[in-house]
Chemist: 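My questions will all concern the structure given below.
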Amino acid sequence: MTALLRVEGLTAGYGGVPVLHDVDLAVPEGTICAVLGANGAGKTTLLRTLSGMVRPDRGRILLDGSDLRGLPVEQLIRRGLAHVPEGRGVIDELTVEENLWLGGLFRADRRALRGPLREAYELFPALYARRRHAGHQLSGGERQMLALARALVAKPRLMLLDEPSLGLAPLVVAQIMALLRRLRDDGGLTVLLVEQNVRSALSVADSAVVMAQGRVVAADSAGALVGDDALRHAYLGF
Amino acid sequence: MDRFVFLTVYGLSRGAIYAAFALALVLIFRATRVVNFAQGVLAVVSAYLAYSVSGATGSYWLGFGAALVSGLVLGAVVERVVMRRVEHAPPLNAVIVALGLVLLTQGILGMIYGNQYRAFPAPFSTVAMTVHGVPLMTRYDLFVFGTVLVLMLALAVLFTRTATGLRMRAAAFAPQVSRLLGVNVGRMLTLGWALAALVGAVAGMLIIPTGLGLHPTAMDLVFVSSFTAAVVGGLDSPIGAVVGGLVVGLVLSYVGGYLNSASTPLAVLALLVVVLLARPGGLFSASTARRV
Amino acid sequence: MSRSTLLRHLVVTVACGVLLFGLTYALDPFRDYQLATAAAYLCATAGLTLLAGQSGQLSLGQGALMAVGGYTVALVQNQFGAHNVTTQWALLGSLVAAICVASVAGAVIGVAAARLRGPYLAGLTLVVAVAVPSIGTLWHSLLHGDQGLSVYLLPAPASLGETFPLERWQAWLAVIAALLTMLALGNLSSGRFGRTMRAVRDDEIAAKLAGINVAGTQVTAFVVSAACAGLGGGMLAVLAQSVSPGAYAFTLSLNLLLAVVVGGLGSLTGAVWGSVLLVLLPWLADDLTNSLIHSPAAQQRLAGNLSLAIFGLLLVIVMIAAPGGIQGLLNRAGRRVRGRRERVAAYRAEPSAPDAQPHAPAASRTSIPNP
Ligand SMILES: Nc1ncnc2c1ncn2[C@@H]1O[C@H](COP(=O)(O)OP(=O)(O)OP(=O)(O)O)[C@@H](O)[C@H]1O
Ligand SMILES: [Mg+2]
């Protein structure tokens, strides 16, 4: 199996101060890779670097073999990379439907998006009921659903998810994880999943990397990581 | 009473123009948090171009078209060449740069056209039509109302019904997220400035023939009134800008009609002070807590 | 403020005064008049530098406050004239009146301004700058509309001699006003009030937590700056011996802004460069057009407009390329020279370590403060 996403020797940071050091990563197509680590480990920075919002100082980012470095942020979605940012990135002033449209506008006009929008509503019926509401009127769970749905409207090959479970009830978290599993199994979606909720993440992930202070300190299959007691105690706290 | 009716219609007609101009300010402020202090002088440039084109071709409408096109081009050029360079600087830098553009443009216009006032003819009669012997409004007022209405409808359709409008709104509200969704935010900014300058050019074309005369500083007072209108509306609300424009137009019309036309600038100042102190967020602010 | 700072300011002021006094004798009346004009501008620009640079409030209304000062001087002087007052000290009374009236006006604007930030403050003061000149028309019986007033001014004291040019006398007056302004503002900004202002500018919330009266500080800064504008405007009236709305139009406010930004908002010295520029640039531009272009019609169109365009271009370029202005560039050049000297010294002291790094000079504020 070839890796859809391959990261080699990635070093990046803010204003010349490196936060990521020499990060290596490979995510095979159609799998979910969890990125775990303490607060400030650099997980968000990793995703931001992958989607071009932070310029890497060194290293390569290969999506299906072609290097993404230097591409403007707005081009990456056209390469099939969707980034659901930390805090979810719902645009508060736009309605639910407008948010969803915006998710697909880069590849199709409004009329052609009716189908994908209908699919999104079928996946998240709660959103359909609120399609005319402004983003700021949604609950936290609804916002997360909208952010996910909007990313799906883009029909990405690789989805970068930054803490989708943040602030959500366990039941909703379970639903989201189940959805990710389904998207992977049925649609062949590849996901890089940043999570604090280690148990949930490892329950769906095929593989996982553990980050500490901007470095990858462990990378293995999800099962192996769960079995590695020392690592679990040292970095994951359970 | 007759006078009141006349002043009301007159105020609404001027107010419609202030509304359009305020809308142009709001378009840019929403997208960049910059008040474009050069908006007035850009409109004057378009008006001078229209003046030249009309003079050369003998057609008012060709001149009008030239003003529209030049507005689009000027707005885009100003954003690309100048404003983009202060985008990430403290906001006051953008204010100062815009004021620099005011001096630069007024100087250039003065060098090309001279500093005397030039008559700019209106395309329609500016003599009031009477209804039952009461002077009500001029044909030109009708033209103003029609043009501003068409302009506002076009903008409303653009922003709420088209993909480009959706992208522009998204880029203004959440530039980072919009980029992740494939929106070219830089291009949207340029487009926003171009549109704003177009709207400003239309407003300038509408107000300069109303006795203002063409002069490099012709729009200074219009800018001041429209800025006040935009602040009344909350600076980032298009509807607020329209209502604010009408309010300012009416106030100035009554003050000028019943008191003294020389007192209108002071009336603007008084209105602005009252609004800023009583409701700093404007009457139509979307968010209550705003840095003023 | 320490006593040594005060002493240093005094010494510098007296030295400048002596130098300029000598200079007025070396210059012809036209140049003396230019010097006087620059000094009058300096009163206003120094105040604006304090307001914008140190308290972080950008005001576009400084020209309007100069108008207040100018008209006050005109009215008071003309009263003196009507009552045949023949002592030179009367002028001092007029100027003090100008300072007082402008301070009151500044306090009114300042109270409103203290609640405003960024574009709102700039917009309000812009409206002030555009609206205030219309008072001249509104109060026609007193202020005579667009035509304005002439200003009664005694000739230079007879003790200076029959042939003593009025322009030199005016230059003395204006230079004294400017030096006193600079001395007062220099002391103010190096003292406690200066620290308070800068604390408010840099972080309002922190200043508030530290017990500083933020609004009071901002209003005070506005009043101080208005007083300076009043003095400068009054001085301009004394120089021109007339006042009119056109002389204090919105463009004047923009020019003052230009002077402080191009000179450099960081320090009062910047205001000096700016004021000199404000006088020299239009004159150079006119000289240039008159020597290059001979058609009178073209000359007339270029007159004033060329310098206006240059001013605008300068403002844009400085703001984009060197937000610290002239003084910022000078400081940087000075630091570079000093840095090299330090490096050389370090090398001499420790020749075995050729790559000894002198510690980098603290980065100074190069962009104007963000309120
Ligand atoms: N915009 C920024 N500018 C400067 N430093 C930043 C910025 N964002 C993050 N950092 C720093 O980079 C480091 C990694 O931050 P990052 O947000 O990537 O951590 P994280 O693993 O996502 O943490 P969390 O689990 O809390 O979200 C932190 O030390 C943080 O202080
Ligand atoms: Mg994070």
Side-chain angles (χ1 to χ4, degrees), chain B residues 25 29 33-37 41 82 85-86 89-115 216-217 220-221 223-225 227-228 230-231 235 259-273 276-277 280 291-292, chain C residues 52 56 58 60 109 111-112 115-124 126-128 130-140 145 249-251 254-255 257-258 261 297-298 300-321 323 367-371:
Chain B
L25 291 175
F29 187 77
R33 299 282 129 182
V34 167
V35 171
N36 180 12
F37 283 95
V41 86
V82 183
R85 292 173 207 275
V86 283
L92 276 188
N93 294 25
V95 170
I96 294 173
V97 165
L99 292 169
L101 285 178
V102 171
L103 288 176
L104 175 63
T105 318
Q106 287 183 348
I108 292 176
L109 284 177
M111 285 193 273
I112 299 175
Y113 290 97
N115 278 21
T217 64
D220 281 4
L221 207 51
F223 176 88
V224 160
S225 308
F227 172 76
T228 304
V231 171
L235 260 192
L259 295 176
N260 183 335
S261 68
S263 53
T264 49
L266 289 170
V268 175
L269 177 59
L271 186 64
L272 183 64
V273 169
L276 281 177
L277 294 187
R291 240 172 62 99
V292 189
Chain C
L58 181 73
L60 308 180
I109 305 172
V111 167
R115 300 177 54 174
L116 304 175
R117 304 289 173 267
Y120 292 89
L121 176 60
L124 173 71
L126 180 142
V127 178
V128 167
V130 173
V132 163
S134 72
I135 295 178
T137 315
L138 196 61
W139 204 345
H140 200 279
F250 177 47
T251 317
L254 285 187
N255 282 341
L257 175 75
L258 165 103
V261 169
Q300 204 199 340
R301 267 191 286 129
L302 289 179
N305 285 320
L306 180 61
S307 60
L308 205 61
I310 296 176
F311 275 170
L313 196 61
L314 210 57
L315 201 51
V316 172
I317 291 175
V318 164
M319 213 63 251
I320 289 174
S367 84
I368 73 161
N370 170 12

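Here is the naming used below: chain letters follow the sequence lines, and residue numbers restart at 1 for every chain. The shown structure was predicted, so the numbers you read here are calculated from the model rather than taken from an experiment.
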Chemist: Checking C/Arg301 side chain against B/Met111 main chain: does a donor-acceptor pair fall under 3.5 Å?
Modeler: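 A pair under 3.5 Å: yes.
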Chemist: For the CG atom of B/Leu99 and the CG atom of C/Leu58, what is their distance to the nearest 0.5 Å?
Modeler: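 Nearest 0.5 Å value for the CG-CG distance: 7.5 Å.
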Chemist: Specify which of C/Gly123, C/Pro119, C/Ala112 makes the most heavy-atom pairs with chain B at under 4.5 Å.
Modeler: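 Highest number of pairs under 4.5 Å: C/Gly123.
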Chemist: Shortest non-hydrogen contact from B/Leu269 to C/Val128?
Modeler: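 Here B/Leu269 and C/Val128 meet closest at CD1-CG2, 3.6 Å.
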Chemist: Side chain, backbone, both or neither: which part of B/Val95 has a non-hydrogen atom closer than 4.5 Å to chain C?
Modeler: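 It is the side chain, since no backbone atom gets that close.
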Chemist: Among the options C/Leu302, C/Val130, C/Leu124, pick out the one with the most heavy-atom pairs lying under 4.5 Å from chain B.
Modeler: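 That would be C/Leu124.
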Chemist: What part of B/Val97 gets within 4.5 angstrom of chain C, counting heavy atoms only: side chain, backbone, both, or neither?
Modeler: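 Both parts, heavy atoms under 4.5 Å.
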Chemist: Just so I understand: if I count every heavy-atom pair under 4.5 Å between each of C/Thr251, C/Thr137, C/Leu126 and chain B, which residue has the most?
Modeler: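 Top count of heavy-atom pairs under 4.5 Å with chain B: C/Leu126.
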Chemist: Side-chain contact, heavy-atom cut-off 4.5 Å: B/Leu276 with C/Arg115?
Modeler: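 No; the side chains remain at least 4.5 Å from each other.
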Chemist: Testing C/Leu254, C/Val261, C/Val318 for side-chain contact (heavy atoms from CB on, under 4.5 Å) with B/Ile96, which one passes?
Modeler: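 The passing option is C/Val261.
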Chemist: Measure B/Leu259 against the heavy atoms of chain C and call it side chain, backbone, both or neither at under 4.5 Å.
Modeler: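 No part of B/Leu259 comes within 4.5 Å of chain C.
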Chemist: Using a cut-off of under 4.5 Å on heavy-atom pairs, state which of C/Ile109, C/Val132, C/Leu306 scores highest against chain B.
Modeler: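 Highest number of pairs under 4.5 Å: C/Leu306.
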Chemist: For the interface with chain B, which of C/Leu315, C/Leu60, C/Leu308 has the highest count of heavy-atom pairs at distances below 4.5 Å?
Modeler: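 Answer, by heavy-atom pair count under 4.5 Å with chain B: C/Leu308.
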Chemist: For B/Phe223, is it the side chain, the backbone, both or neither that has a heavy atom under 4.5 Å from a heavy atom of chain C?
Modeler: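 Contact with chain C: side chain only.
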Chemist: What closest approach, in Å, do B/Leu103 and C/Gly312 show between heavy atoms, and which atom pair accounts for it?
Modeler: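 What the structure gives for the nearest pair is CB-CA, 3.6 Å.
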Chemist: Quick check on B/Val102 against chain C: is it the side chain, the backbone, both or neither that has a heavy atom closer than 4.5 Å?
Modeler: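 It is the side chain, since no backbone atom gets that close.
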